[in-house]
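Heads up, the thing below is written out as structure tokens.
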Amino acid sequence: MKEYRNYYLKKLIWFVVTLQCAFILNFILPRLMPGDPVTAIVSRMAQGMSNATGVQAVYEQYTKLFGTDKSMIEQFLIYIRNVFRGDFGYSISQYPRTVADVIGSSIWWTVALQFPAIIVGWILGNTLGALAAYTRKGFDKVLLPFSLFLSNLPAFGMAVILLVIFAVDLGWFPTSGGYGFDMIPNTSWDFVWSVIVHYQLPFWSIVLITVGGQAIGMRSMAIYELNADYVKYARFLGVKDRKIIRYVFRNAMLPQVTGLALSIGTMVGGALVAETIFSYPGLGSTILTAVLGGDYPLISATTLIITIMVLIAFFILEIVYGLIDPRVKAAQSE
């Protein structure tokens with residue numbers, strides 16, 4: 001493991017430096033957005049008040065509550081202190097709910113939607129791409145144009161197609177929501193079945209888009225590896241084709257693993273398009289609401305979570321790469 005020491009040390013330093021830069025940008029960028037979000041709260045809370053002095057007092061109360069009356073340096077120091085305490089403050093767009101409450105009520109909907117969809121799409125796409133590269137016959141001629149169509153179709157296009165066909169025309173699935181609007185979340189079978197039915201269209205809209213890109217990527221990498229010199233040499237030596245294919249697809253999988261890590265790292269950001277079109281109660285819809293409402297605390301908290309997830313995913317990926325990619329080991333031993 002000594003030969004990996006410098007490799008892992010460099011990756012750890014990169015992780016820490018990137019996290020610090022992302023932490024600073026995560027605080028600054030939302031506050032550069034135009035408009036004053038506190039004004040929106042005051043206009044909502046002060047409805048019916050004709051006294052200008054009273055409205056001003058309400059405004060000052062909320063600017064003090066959210067800390068927008070302080071300088072940027074003071075706000076940043078308070079932000080650092082609160083983040084380490086796990087306190088992101090109150091949501092501006094959904095006041096008086098706390099940011100932790102807003103995220104906690106939506107993040108599990110997103111994880112339950114995104115993670116299975118990413119894994120299923122990744123497995124199906126890579127399996128189909130590998131088969132297409134190996135057979136290179138009729139199956140490939142059908143899969144390639146179909147995969148190109150799926151990969152170039154925008155996410156909202158796939159979501160709208162499924163919505164129109166299966167929800168509007170056929171009426172097999174509901175058009176929106178995470179469960180029936182007339183239901184209260186509970187553990188009854190009726191509620192669980194409602195969640196499953198509402199889950200289908202957002203899930204498959206993500207899976208189909210994922211399958212197209214993964215199939216094309218795996219097909220290209222597998223074809224490249226099948227034409228490599230080591231494959232020709234192995235066949236010349238009489239090595240069984242089954243054994244050669246195992247090494248071919250192992251090497252072809254490396255870029256696909258990178259894509260999987262990135263997808264998992266960013267999944268907490270939510271499938272914004274799918275969640276918006278289907279009105280799914282995930283974190284993607286929450287982020288959209290926060291951006292439209294200028295909700296600095298909620299934007300900062302969600303983007304910080306996404307950033308940390310992406311960095312952790314890439315850090316773990318770099319560690320795994322060092323173990324499964326022989327080229328890394330060879331580079332460290334030089």
Side-chain angles (χ1 to χ4, degrees), residues 18-19 21-41 44 66-68 75 79 82-83 86-118 154-160 163 176-179 185 198-199 201-203 205-206 209-210 261-314:
T18 307
L19 181 60
C21 295
F23 191 84
I24 295 172
L25 290 174
N26 181 63
F27 170 81
I28 294 175
L29 293 179
R31 286 161 177 78
L32 297 179
M33 295 172 59
D36 182 7
V38 177
T39 303
I41 293 182
R44 189 169 67 243
F66 291 107
T68 55
Q75 291 184 49
Y79 176 70
N82 291 340
V83 165
D87 178 16
F88 293 99
Y90 290 95
S91 168
I92 294 177
S93 61
Q94 302 187 43
Y95 184 82
R97 295 180 68 189
T98 63
V99 171
D101 179 47
V102 174
I103 294 177
S105 64
S106 58
I107 191 170
W108 297 115
W109 287 95
T110 289
V111 172
L113 173 66
Q114 286 276 80
F115 187 73
I118 290 170
F156 72 86
M158 177 58 69
V160 170
L163 180 67
S176 61
Y179 50 88
H198 284 78
Y199 181 84
L201 291 184
F203 174 80
S205 69
I206 299 171
I209 293 294
T210 305
L262 179 60
S263 298
I264 292 176
T266 56
M267 73 175 179
V268 292
L272 181 59
V273 173
E275 291 181 6
T276 301
I277 290 178
F278 294 106
S279 299
Y280 201 77
L283 199 58
S285 301
T286 301
I287 294 174
L288 178 62
T289 303
V291 172
L292 295 177
D295 194 338
Y296 303 153
L298 187 53
I299 294 173
S300 296
T302 51
T303 52
L304 181 62
I305 292 172
I306 295 170
T307 302
I308 292 174
M309 287 289 293
V310 171
L311 291 176
I312 291 175
F314 267 103

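What's counted below: heavy atoms across the whole structure, side chains too, no hydrogens, waters or symmetry copies. Just so it is clear, the structure is predicted and the values come from calculations on it, not from any experiment. Positions are given from 1 along the sequence.
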[atom1]/[X] to [atom2]/[Y] distance, rounded to the nearest 0.5 angstrom?
{"X": "I287", "Y": "T303", "atom1": "CD1", "atom2": "OG1", "value": "8.0 Å"}
{"X": "T276", "Y": "F278", "atom1": "OG1", "atom2": "CZ", "value": "11.0 Å"}
{"X": "L19", "Y": "I312", "atom1": "CG", "atom2": "CD1", "value": "8.5 Å"}
{"X": "L304", "Y": "F23", "atom1": "CG", "atom2": "CZ", "value": "6.0 Å"}
{"X": "H198", "Y": "Y280", "atom1": "NE2", "atom2": "OH", "value": "9.5 Å"}
{"X": "I107", "Y": "T302", "atom1": "CD1", "atom2": "OG1", "value": "9.5 Å"}

Nearest heavy-atom neighbours spanning [X] and [Y]:
{"X": "L283", "Y": "T110", "value": "N-OG1, 2.5 Å"}
{"X": "A117", "Y": "I206", "value": "CB-CG2, 3.8 Å"}
{"X": "A290", "Y": "L298", "value": "CB-CD2, 3.6 Å"}
{"X": "Y199", "Y": "A112", "value": "OH-O, 2.7 Å"}
{"X": "I118", "Y": "T210", "value": "O-CG2, 4.3 Å"}
{"X": "A159", "Y": "S205", "value": "CA-CB, 4.1 Å"}

#### Entry: Pair L288-E275, side chain to side chain contact (heavy atoms under 4.5 Å, CB included): steps then yes or no
CA-CA 10 Å; L288 178 62; E275 291 181 6; over 6 Å; no

### Message
Walk me through whether I103 and I305 qualify under side chain to side chain contact (heavy atoms under 4.5 Å, CB included).
### Response
CA-CA 10 Å; I103 294 177; I305 292 172; 4.0 Å; yes

### Message
Listing request: all salt bridge (charged side-chain N to carboxylate O under 4.0 Å, His left out) pairs with a residue in residues 94-108, at least two apart in sequence or in separate chains.
### Response
R97-D101

### Message
Just to verify, what does T307 make a side chain to side chain donor-acceptor pair (under 3.5 Å) with, not counting sequence neighbours?
### Response
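Per chain and number, T307 pairs via side chain to side chain donor-acceptor pair (under 3.5 Å) with no residue.
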
